[in-house]
Structures are given as C-alpha cells and as structure tokens.
Protein chains: 2
Amino acid sequence: MLSIGTLAKRTGTKVQTIRYYEQIGLMPEPGRTTGGQRRYGTVELDRLAFIRHSRELGFSLEAIRELLDLSDSPERSCAQVDAVAQKQLHEVEARIARLETLRVELQRMINECNADRVADCRILEVLRDHEECLSDHIRPGG
Amino acid sequence: MLSIGTLAKRTGTKVQTIRYYEQIGLMPEPGRTTGGQRRYGTVELDRLAFIRHSRELGFSLEAIRELLDLSDSPERSCAQVDAVAQKQLHEVEARIARLETLRVELQRMINECNADRVADCRILEVLRDHEECLSDHIRPGG
DNA sequence: CTTGAACCTACAGTCGCTGTAGATCCTATA
DNA sequence: TATAGGATCTACAGCGACTGTAGGTTCAAG
Ligand SMILES: [Zn+2]
Ligand SMILES: [Zn+2]
Ligand SMILES: [Zn+2]
Ligand SMILES: [Zn+2]
C-alpha cells in the first residue's frame, strides 16, 4: 500500500495534483487508514501513470477520461480510441502550423530592426499595424 | 468618440475583454458620458490595436505591458524591445520543438495500431508505458 | 415617448493545476 | 512510551487570459 506522497514520487506527480484528479473524478476514491490518510494499490498506480503519460502527450483531461472509459471495454472495437488520438494529432498539427507562422513573423520583425532608437524600432512598427505583416496570423474568433 | 462596443468591433475584441484590460491596468480608464458609459478616442483605439496584434503574435500581457511602457520613451535605445521580441521568438521555437516531438510520437502510435479490439490497441499500450515511446517528451517539471 | 439594443457592475466559470493555512497523523528515535 | 518533525488532511485562493451570466441602467432611433 502506497501513501499519496509515494505515489506522487513514483509517477512524477504533485500530491495536490493527485487529490485534484480525485476531486474531478479522474482518479477513484482510494482506501484510507484509520487516521484518514489515503492508501493506494497497483491499480491506482497504473491508472495515474496512464493519466500522466497521456498528459505528457498533450491529451486533455476530458480526452483521457474517455480513453480510460474505453479501455474498460477490452472486447469493443478500438475505433473510438483511434479517433481520440487522431483528433489530438490534428490539434497538435494545427498548433504547430500556427506557431510556425508566428515564428516566421517574429523572425522577420527582429531581422528588420536596425534602429537604435525606440522611435524607429521596426518591431514596434509591426506590432502597431498588422498591414506590415506578410502572413495572416489572425485566429478566427480571437 | 467611440462606445466600448464600437471599439470592440474596430479591434476584433470582446467588450468584456476591454473591460478586463482596464481592470488590470493595461488600458487606461476612459472618459465617461454623464450616464456612466465609457467613451474612447484614437489614442485608446491605437493602444488596443497594439495589444490585440501583440496577443495575436503570442506575446503575454506582461510582455505587452513592457512593450507599451518602452514605446513611451521614443528617444531611448530599442535594445529592450528587441530583447522582449527575442524572448518571445525563443518561446515559440521551444513550443514548436516540443509539439513536433509529440506529433511524431502520436503519428507513430496511430500508424502502429492495426488492431480492432481495445484489448490489443497499440495506442493504449503506448499510453500505458512510456518505454514504448521513442522520444523523451517528458517536460522538466511536469 | 417608447422600445430595445447596448451598456453598466459584480461575480462565477474555464483548464490544469499550484500554493497556502492551520490542523492532524504517522513513524523513527531516545 | 514519549516526543519530534515530516507527511498528510481539508478548504480555499490564485495563476493567465479571458468568457459568460444576472440584474439593472442608459442611449438612440423611430
Ligand atoms: Zn528595435
Ligand atoms: Zn500581423
Ligand atoms: Zn487502436
Ligand atoms: Zn512517452
């Protein structure tokens, strides 16, 4: 039986994070000592490791919840699991594309600044006016 | 003189967001009508446009605050402005690098899954055990 | 003058944690 | 067995950058 601190160390999680996962129903309520402290077994260890690894790969807690639910039905088709992963891949690709646009624009601003005075700084000029940008980095809806 | 709604439309901002910027001191307190409604001029319009464009390029509100302060001293060297932009560029590059790692790992998981049952799903296998990953996508500190 | 869209304040909620305060528990050593 | 002090407990506030809501007031068009 593991204390919450030991479980935290074994999975690279903070203690508060484990309690937070319990609070939102992502981790089950564990057994307690007579004094009221949480005690965990290997099932909980494996579940938490799954959650943390999925988080490292960028999955949202909602997606992880879905993956955990799906993995409780071993005989079902894994199409839904694959769909969740596909969606995550698309989101990552979209974020990369956006950041790549920003990278190019930032690099260009920085390269073009040869001024020494703030009054002539190319970076500030570009920030003041999107017309100075080459790319359309404006997100739909914010 | 512009109402908050007109200012919002002109800059692609939500009305609440403008009030939020005022609350945190990023936008100045504007004049008011006798009835208490905010009225803005071109100075505020330009400032908000600057803020929004900087946000589009991924700058944090703290960085934007610094840029706005710096641009109030036109005779000073723009070295600090350039440093803020450089830092932002590095952050964007770091995020791209991390997401690229995730993209490769996600793509591999998805490609390797030929199973039809959840029990044999390669995606779940990988999520259960980071040893199945090729890359070290673990962030230092969570 | 009436209507209704836009505005006002104040506050709660989002996501995924992280930090704090003050109390209690567990365990190792004397 | 007594005590010290690290670990744990609950409850709540805070982060960034907004977004949404409720309930009330103001403005401008017709
Ligand atoms: Zn410059
Ligand atoms: Zn631009
Ligand atoms: Zn599969
Ligand atoms: Zn991994």
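Residue numbers start from 1 in every chain, and the chains themselves are labelled A, B, ... in the order their sequence lines are given, proteins ahead of strands.
DNA chain D lies under 4.0 Å from at least one heavy atom of each of the following residues of residues 16-27 of chain A: A/R19.
Taking the side chain as every heavy atom from C-beta outward, B/E125 and B/E112 never approach each other to under 4.5 Å. In this structure the side chain of A/S73 never reaches within 4.5 angstrom of the side chain of B/V118, judged on heavy atoms. A heavy-atom distance below 4.5 Å is not found between the side chains of B/H53 and A/R128.
For B/L2 and C/dC7, the CG to P distance is 11 Å, given to the nearest whole Å. Atom CG of B/L48 and atom P of D/dC18 are 11 Å apart (whole Å). Straight-line distance from the CD atom of B/E56 to the P atom of D/dA17: 14 Å, rounded to whole Å. Atom P of nucleotide D/dC18 and atom CZ of B/F59 are separated by 15 Å, given to the nearest angstrom. Rounding to whole angstrom units, CG of residue A/L7 and P of D/dA7 are separated by 15 Å. Here the C1' atom of nucleotide D/dC9 and the OH atom of A/Y40 are 12 Å apart, to the nearest Å.
Nearest heavy atoms, B/R52 versus B/T11: CG-O, 4.0 Å.
Checked by atom type and distance alone, the side chain of B/H137 never pairs as donor or acceptor with a backbone atom of B/L102 at under 3.5 Å.
Taking only side-chain nitrogens and oxygens, A/R38 never comes nearer than 4.0 Å to OP1 or OP2 of D/dT8. Distances shown here put a side-chain N or O of A/R55 below 4.0 Å from the OP1 or OP2 atom of C/dC17. In this structure, A/K14 does not reach the C/dG16 phosphate: none of its side-chain N or O atoms is under 4.0 Å from OP1 or OP2. Proximity of A/R65 to the phosphate of C/dC15: no side-chain N or O atom is located under 4.0 Å from OP1 or OP2. Side-chain nitrogen and oxygen atoms of B/R32 include none within less than 4.0 Å of the OP1 or OP2 phosphate oxygen of D/dT25.
Residue pairs meeting the ring-ring contact (aromatic ring centres under 6.0 Å, His included) criterion with at least one partner in residues 29-50 of chain B, sequence neighbours excluded, are absent.
No more than 12 heavy atoms of other residues, nucleotides or ligands shown are found within 6.0 angstrom of CZ on B/R76.
Taking hydrophobic clusters as Ile, Leu, Val, Met, Phe, Trp and Tyr residues chained together by side-chain heavy-atom distances below 4.5 Å, A/V104 does not share a cluster with A/V126. A continuous path of hydrophobic side-chain contacts links B/I24 to B/I4 [ILVMFWY only; heavy atoms under 4.5 Å].
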Show the distances under 3.5 angstrom between N or O atoms of the protein and N or O atoms of nucleotides 26-30 of chain D.
residue	atom	partner	partner atom	Å
D/dC27	OP1	B/T33	OG1	2.8
D/dC27	OP1	B/G35	N	3.1

